Amino acid sequence: MIGALIAERCTNCNACVKACPALVFDPGEQTPVLARVADCQTCYLCELACEADALWVNPDAASSWAPPHRHLLESGQLGRIRLDSGWNEPADAGQLDDYRLLGPLLNEGVEIAGRRYAQKHGG
Amino acid sequence: MIASVILSADVLILGGGMAAAWAAIAAAEAGASVIVVDKGAMGTSGVTATGGPGHWWVPDDAALRRDAVERQTAKAQGLGDPEWMARIIDLTWRYLPQIASYYPFGSDGRGGRFINGVRGPEYMRALRQLALARGVTVLDHHPAVELLANADGTIIGARGVALISEETWEVRAGATIVATGGCAFRSGLIGSHTNTGDGLLMAAEAGADLSGMEFSISYSLSPEWASTRTLPYTAARFYDGGGRELDIPPPRAGHAHDQALGKAMSEGPVLADLSDAPPALHGVLRRIQPLTAAAFERRGIDLWRDRFPVKLFGEGTIRGVGGLRIIDADCRTSVPGLFAAGDAATRELVTGASSGGGAVNSAWALSSGRIAGAAAAQQARATLARQTGTGLGRIGLHPQRAAQALDTATITASVGHEIHDYKKAFWRRADSLAQSATVLEGHWQALADHGRAQGRDLVELRAVAAMTASARWVTAAAQVRAETRGIQFRDDAQALDPALAHRLLVGGLDTVWTRPDRATATATATAAATAAASAELAA
Ligand SMILES: Cc1cc2nc3c(=O)[nH]c(=O)nc-3n(C[C@H](O)[C@H](O)[C@H](O)COP(=O)(O)OP(=O)(O)OC[C@H]3O[C@@H](n4cnc5c(N)ncnc54)[C@H](O)[C@@H]3O)c2cc1C
């Protein structure tokens, strides 16, 4: 669940309020407010929407705990998903050039498991 | 419900996932004014947004397509429709490239673009932008709550709640499309929080019937703390809590794989070990599925070396295939004025008894969206005046007895358990299904007797009612299909029964009914005739 909104980074642009499918955020005076944390479905899409890299989602869908903000600021995790996705890159930046490997790699895993099972069962 | 905001449009679309977006784009391209309302936000809500649908992709070559349709028809085990299959292959091939101005297609490794697999967040962002560019009005955080009908029972729009102001909105439209996705029964499946079967309930209140609900459970493996995409796990070895390796049939074994995992998970913790995963995955996982990498990194887990607990997340009707019955080639439901697209509709026409995950469901969502959008635009032109109507919603709005506060969280958990509990789902039997039916009946009765709420609470109460109704339809259909066919596995009837080689319709609210779809063959013929007729009209 959403764990942290780092106020010092937030520009109060409300992109997270608009993006959140579960309406977890309400608009606020200085920053949006985490109004309905229990509704968070851990989809990380607010992090993608946050160009200020001010949000951190706890990967545990049942926990909104967050490390102290100064640790988060040094963790390299803030904004990492946006960076890895190339979310704000121009369309020709090659951000999806490895995407075609999804199907083949998924199938390779299936083959590996199949061979392993056949060997074990004398097939 | 009394509306404080009244809008009108030619076409109203309920839902904002990929099916809704393609429907909106097609309706706008056909000249209609279009309003899309989503419970979440178009672009981020629904299972498309967090996923990465690979679309059924067969080049425009007669032999290749014939072969693809033949293989899919065999998988469908007698319940598919080859004409529909050919149609969605063609529409997907033609229209998916249309998003290129808004979607950063990657390389295919041979100097071209890789088109058929698209990453969810980028895909839904592109579809939203394309819809806006076509002039579509998008209302985010505007869940629909009930349909509106005129005196003849024709659907003329819907009402719902604006979540931020908690005001009631009403949209009057010449045609309405249900594209509210499937129902995952709040299993925690990634992206599915808003997919609670609301559209199925609303349509059923208008008298619509459903089909294929018995083919409605599938699962995906994920770390126990959150559902992710499944790419990293296909080569996993599994261990029990004591560190002993479990003998799990491989993923290709399908039901036997899930059954073995489900059994082990019912007995204690199961840990996955990914040390056998393809080495090439290590470097690129982050670039393919950044969200999956984050789910481990932030817990300090080395995905490729550390063992971690896993569970199976239920997918309800999402990678299963049941939904609103489609009665013609234009994606009409059995209710006049109401169309259905995507996971809200039955996908049996293109999947039969098999799961639609992997490629077919998204091709269906795109194609049924485009078909319903174009047909709804045409119908709206024929019904020019936007009419006033009566709200059809009953449960949660008009209780049969004194209104009482209900413990919706407990009902939700119980409904989810009846549907997704491993033992019940992987070993469906007449006795356990009958027990589930009784439990679900009790919940329905409590909701129908006492449920009443307003604003956001009403939206949640209706979602709980929709999940309960969907679970009752799934259970009733699974009871009647006393055989094993496709993804319906009956522990007490493990063979195919030739007498059940037809689709199964289900419907009803206070009293759930089922009946064989004897018209399956006739419907196919009618579909072809209607398709020919609308092609003539368009020409
Ligand atoms: C993990 C995963 C992986 C998958 N991978 C593949 C794949 O590789 N290939 C494939 O073919 N298929 C795949 N599928 C299936 C595919 O993603 C779906 O078939 C497709 O996304 C369905 O699109 P949709 O628009 O019908 O539903 P969704 O995208 O789920 O959209 C439904 C929308 O309806 C909205 N809504 C719900 N209730 C209301 C209401 N009351 N009022 C207004 N709006 C409402 C929701 O908020 C949501 O935005 C996968 C599914 C999952 C879960």
Side-chain angles (χ1 to χ4, degrees), chain A residues 17-23 26-27 39-49 56-63 75 77 80-87 89-118 120-121, chain B residues 39-41 43-46 49-50 52 54 103-109 114 117-119 121-122 140-141 163-164 188 190-194 225-227 230-237 247-252 276-278 280-281 284 286-291 293-299:
Chain A
V17 179
K18 293 185 194 125
C20 177
L23 201 70
D26 272 343
D39 290 344
C40 174
Q41 61 166 341
T42 317
C43 71
Y44 301 98
L45 297 183
C46 56
E47 285 195 31
L48 265 188
W56 186 83
V57 173
N58 184 322
D60 183 344
S63 168
S75 68
Q77 292 175 6
R80 184 68 203 249
I81 289 174
R82 208 166 60 84
L83 186 79
D84 287 346
S85 304
W87 184 250
E89 298 287 313
D92 59 358
Q95 58 272 61
L96 284 158
D97 278 353
D98 290 327
Y99 205 73
R100 68 175 186 280
L101 301 173
L102 193 164
L105 286 171
L106 198 129
N107 285 332
E108 197 180 326
V110 170
E111 296 300 329
I112 291 169
R115 278 200 301 274
R116 196 177 56 218
Y117 189 80
K120 184 165 172 194
H121 290 267
Chain B
K39 189 175 180 174
T44 56
S45 58
T50 45
Y103 182 88
F105 280 116
S107 154
D108 67 357
F114 174 68
V118 285
R119 192 155 66 202
E122 285 84 353
D140 297 321
H141 302 124
L163 292 177
I164 293 175
I190 187 165
S192 71
H193 188 79
T194 52
W225 58 87
S227 160
T230 57
L231 167 62
Y233 320 124
T234 50
R237 290 173 182 271
D247 191 27
I248 307 289
R252 189 145 287 155
D276 277 356
L281 249 182
V284 294
R286 178 191 296 293
R287 287 179 51 78
I288 300 177
Q289 293 181 353
L291 309 180
F296 290 90
E297 221 158 62
R298 293 181 186 192
R299 285 174 74 97

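Every chain is numbered from 1 and lettered A, B, ... according to where its sequence line falls, protein lines coming before strand lines. Note that the coordinates shown come from a computational prediction; the quantities given were computed from them, not determined experimentally.
- Residue contact with chain A, scored on non-hydrogen atoms closer than 4.5 Å, is absent for B:F296.
- Using modelled atom types, no side-chain atom of B:R298 and backbone atom of A:D60 make a donor-acceptor pair closer than 3.5 Å.
- Taking B:A293 as the reference, B:R286 meet the side-chain contact (heavy atoms from CB on, under 4.5 Å) condition, with sequence neighbours excluded.
- The two residues A:A91 and B:P104 make their nearest non-hydrogen contact at O-CB, 3.4 Å.
- To the nearest 0.5 Å, atoms CG (A:L106) and CD1 (B:I288) are separated by 9.5 Å.
- Rounding to the nearest 0.5 Å gives a distance of 6.0 Å between OH of A:Y99 and CD of B:Q289.
- Heavy atoms closer than 4.5 Å to chain A are found nowhere in B:P232, neither backbone nor side chain.
- Taking the side chain as every heavy atom from C-beta outward, A:L45 and B:P121 approach each other to under 4.5 Å.
- The CG atom of A:L48 sits 10.0 Å away from the OG1 atom of B:T44 when rounded to the nearest 0.5 Å.
- Summarising the geometry of A:D39 relative to B:H193, their closest heavy-atom pair is O-NE2, 3.8 Å, with the distance given to 0.1 Å.
- Smallest separation of non-hydrogen atoms from B:D247 and A:Y117: OD1-CE1, 3.5 Å.
- Side-chain contact check for A:S85 versus B:E122: some heavy-atom pair is nearer than 4.5 Å.
- A donor-acceptor pair under 3.5 Å links the side-chain atoms of B:H141 to the main chain of A:C20, judged by distance alone.
- Considering every non-hydrogen atom in both B:T234 and A:L105, the closest pair reads OG1-O, 4.4 Å.
- With rounding to the nearest 0.5 angstrom, the CG atom of B:L291 is 11.0 Å from the OG1 atom of A:T42.
- Between chain A and the residues B:A49, B:A41, B:G191, the most heavy-atom pairs under 4.5 angstrom are made by B:G191.
- For the pair A:R116 and B:D276, the salt-bridge criterion is met [side-chain N within less than 4.0 Å of a carboxylate O].
- Summarising the geometry, atom CG belonging to B:L231 is positioned 5.0 Å from atom CG belonging to A:L102; distances are rounded to the nearest 0.5 Å.
- Shortest non-hydrogen contact noted between A:P21 and B:S45 is CB-CB, 3.3 Å.
- Between the side chain of B:R287 and the backbone N or O of A:L96 there is no donor-acceptor pair closer than 3.5 Å.
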All N/O donor-acceptor pairs, side-chain side in residues 108-115 of chain A, below 3.5 Å, sequence neighbours left out:
unit_1: A:E111; atom_1: OE2; unit_2: B:R252; atom_2: NH1; d: 2.8
unit_1: A:E111; atom_1: OE2; unit_2: B:R252; atom_2: NH2; d: 3.2

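- Across B:A226, B:P251, B:G46, B:G109, the residue that shares the most heavy-atom pairs under 4.5 angstrom with chain A is B:G109.
- Here the side chain of B:S107 pairs no donor or acceptor atom with the backbone of A:D97 at under 3.5 angstrom.
- Of the possible polar contacts, none joining the A:R100 side chain to the B:G117 backbone as a donor-acceptor pair under 3.5 Å is found.
- Note on B:A280, B:S192, B:G106, B:A236: by heavy-atom pairs under 4.5 Å with chain A, the leading option is B:G106.
- For the set A:V57, A:N58, A:N107, the entry with the most heavy-atom pairs within less than 4.5 Å of chain B is A:V57.
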Query raised in the report: Under the side-chain contact (heavy atoms from CB on, under 4.5 Å) criterion, do B:I190 and A:Q41 qualify, and how do the steps go?
Result: CA-CA 7 Å; B:I190 187 165; A:Q41 61 166 341; over 6 Å; no
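- Contacts with chain A were tallied for B:A277, B:P250, B:G54; B:P250 has the most, counting heavy-atom pairs under 4.5 Å.
- To the nearest 0.5 Å, the span separating CG on A:L23 from CG on B:D140 amounts to 10.0 Å.
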